[in-house]
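Working notes for the structure below.
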Amino acid sequence: MAEKESKSLLIVDDSILNIDFLIGILGDDYRIAVALDGENALKLALRNSPDLILLDVIMPGIDGFEVCRRLKLRRESADIPILFTTALDDEESMRKIDASGAQGYVNKPFDREEILSKLKNIFL
């Protein structure tokens, strides 16, 4: 686990319950920063350049798709891996995720093993 300790995550979600759950399963292995909305997510991502962003799709203000789009347009953040978190499963949302440049998504409600597996695959 020593290899993971140096990795940093930015968790972006407007739900404290979701953030607490993610910190509960990831906090021992990763350095975690948190943003509750898209504007702060952009600021933190550009300032701290995390190793991965767990990005909620549906948020007030700027949604996750727009945050992802803006990050992918900037040279300094274009290569940060993004893993969407979403309860959406409609065809249009899945197409947007596929076209976004993100590494994929994890479903809500969260499954601990799914999250750990996807992070492991991204950091291989």
Side-chain angles (χ1 to χ4, degrees):
M1 288 285 188
E3 182 180 313
K4 284 185 184 176
E5 288 173 356
S6 64
K7 300 287 186 192
S8 62
L9 304 178
L10 172 57
I11 297 173
V12 185
D13 202 305
D14 59 325
S15 165
I16 298 295
L17 290 175
N18 289 335
I19 291 169
D20 286 346
F21 181 83
L22 291 169
I23 290 172
I25 62 171
L26 301 170
D28 289 341
D29 297 321
Y30 299 93
R31 289 178 291 121
I32 295 177
V34 170
L36 296 171
D37 58 53
E39 285 289 345
N40 284 314
L42 289 167
K43 290 175 191 170
L44 284 171
L46 294 171
R47 186 180 331 131
N48 301 336
S49 192
D51 294 305
L52 180 122
I53 300 171
L54 284 163
L55 180 58
D56 187 17
V57 171
I58 301 174
M59 296 182 291
I62 302 172
D63 70 13
F65 291 125
E66 181 62 14
V67 171
C68 181
R69 187 187 74 75
R70 290 184 190 185
L71 290 172
K72 295 300 180 187
L73 286 174
R74 297 184 67 123
R75 182 178 38 83
E76 65 270 32
S77 58
D79 293 332
I80 298 172
I82 294 173
L83 192 59
F84 281 111
T85 62
T86 187
L88 299 174
D89 62 359
D90 61 282
E91 226 175 279
E92 182 183 346
S93 296
M94 294 300 107
R95 275 197 301 272
K96 283 173 120 174
I97 289 171
D98 288 343
S100 69
Q103 275 52 50
Y105 68 96
V106 291
N107 292 304
K108 290 180 181 181
F110 295 125
D111 176 78
R112 181 182 189 279
E113 295 308 314
E114 178 189 18
I115 293 168
L116 294 174
S117 173
K118 292 214 175 171
L119 290 180
K120 181 180 174 187
N121 288 333
I122 289 170
F123 288 134
L124 283 179

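Predicted, not measured: the structure shown is a model, and the values here were computed from it.
Checked by atom type and distance alone, the side chain of D14 never pairs as donor or acceptor with a backbone atom of D37 at under 3.5 Å. The main-chain N or O of I82 is found under 3.5 Å from a side-chain atom of Q103 such that the two form a donor-acceptor pair. Judged by distance alone, with hydrogens and angles left aside, the side-chain atoms of S8 form a donor-acceptor pair with the main-chain N or O of D51 at under 3.5 Å.
Side-chain contact between N18 and D56 is absent, with no heavy atoms from C-beta onward closer than 4.5 Å. Between L119 and L26, some side-chain heavy-atom pair lies under the 4.5 Å cut-off. The shortest distance between side-chain heavy atoms of C68 and F84 falls below 4.5 Å. A heavy-atom distance below 4.5 Å is not found between the side chains of D90 and M94. Considering only heavy atoms from C-beta on, V106 stays 4.5 Å or farther from D111 through its side chain. Side-chain contact between R47 and L44: present, with at least one pair of heavy atoms (C-beta onward) separated by less than 4.5 Å. The shortest distance between side-chain heavy atoms of L22 and I115 falls below 4.5 Å. Side-chain atoms of N107 and T85, non-hydrogen and from C-beta on, never get closer than 4.5 Å to each other.
Remark: K118 fails to qualify as a cation-pi partner of F123 under the 6.0 Å distance and 45° angle criteria applied to the six-membered ring.
Here the OH atom belonging to Y30 is positioned 14.5 Å from the CD1 atom belonging to I23, to the nearest 0.5 angstrom. Between L9 atom CG and L52 atom CG the span is 5.5 Å, to the nearest 0.5 Å. To the nearest 0.5 Å, atom NZ of residue K72 and atom OG of residue S77 are 8.0 Å apart.
The shortest heavy-atom contact between L71 and A45 is CD2-CB, 3.8 Å. Taking all atoms of both residues into account, the shortest heavy-atom contact from E66 to D63 is N-OD1, 2.9 Å. Shortest non-hydrogen contact noted between G104 and L83 is C-CD1, 3.5 Å. In terms of heavy atoms, L116 sits closest to I25 at CD2-O, 4.2 Å. Of all the heavy atoms in S93 and F65, the pair that sits closest is O-CZ, 3.9 Å. Residues P81 and I122 come closest through the heavy atom pair CB-CG2, 4.1 Å.
In the hydrophobic clustering of this structure, L36 does not group with I53; members are Ile, Leu, Val, Met, Phe, Trp, Tyr whose side-chain heavy atoms approach within less than 4.5 Å, directly or through other members. Note on F110: it does not cluster hydrophobically with L17, by side-chain heavy-atom contacts below 4.5 Å among ILVMFWY residues.
For the pair D29 and K7, the salt-bridge criterion is not met [side-chain N within less than 4.0 Å of a carboxylate O]. Between K43 and E39 there is no salt bridge, since no side-chain N of the basic residue sits under 4.0 Å from a carboxylate O of the acidic one. Here K108 pairs with D13 in a salt bridge; the nearest charged N to carboxylate O distance falls below 4.0 Å. Contact check on R95 versus E92 returns no salt bridge, with no Lys/Arg side-chain nitrogen under 4.0 Å from an Asp/Glu carboxylate oxygen.
A side-chain contact (heavy atoms from CB on, under 4.5 Å) with I19 is found for exactly one of L54, V12, I11, namely I11.
Summarising the local packing, CG of N121 is surrounded by more than 12 heavy atoms from other residues, nucleotides or ligands at distances under 6.0 Å.
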Working for side-chain contact (heavy atoms from CB on, under 4.5 Å), residues I58 and L88: CA-CA 9 Å; I58 301 174; L88 299 174; 3.7 Å; yes
side-chain contact (heavy atoms from CB on, under 4.5 Å) between L42 and V67, intermediate numbers included: CA-CA 7 Å; L42 289 167; V67 171; 4.0 Å; yes
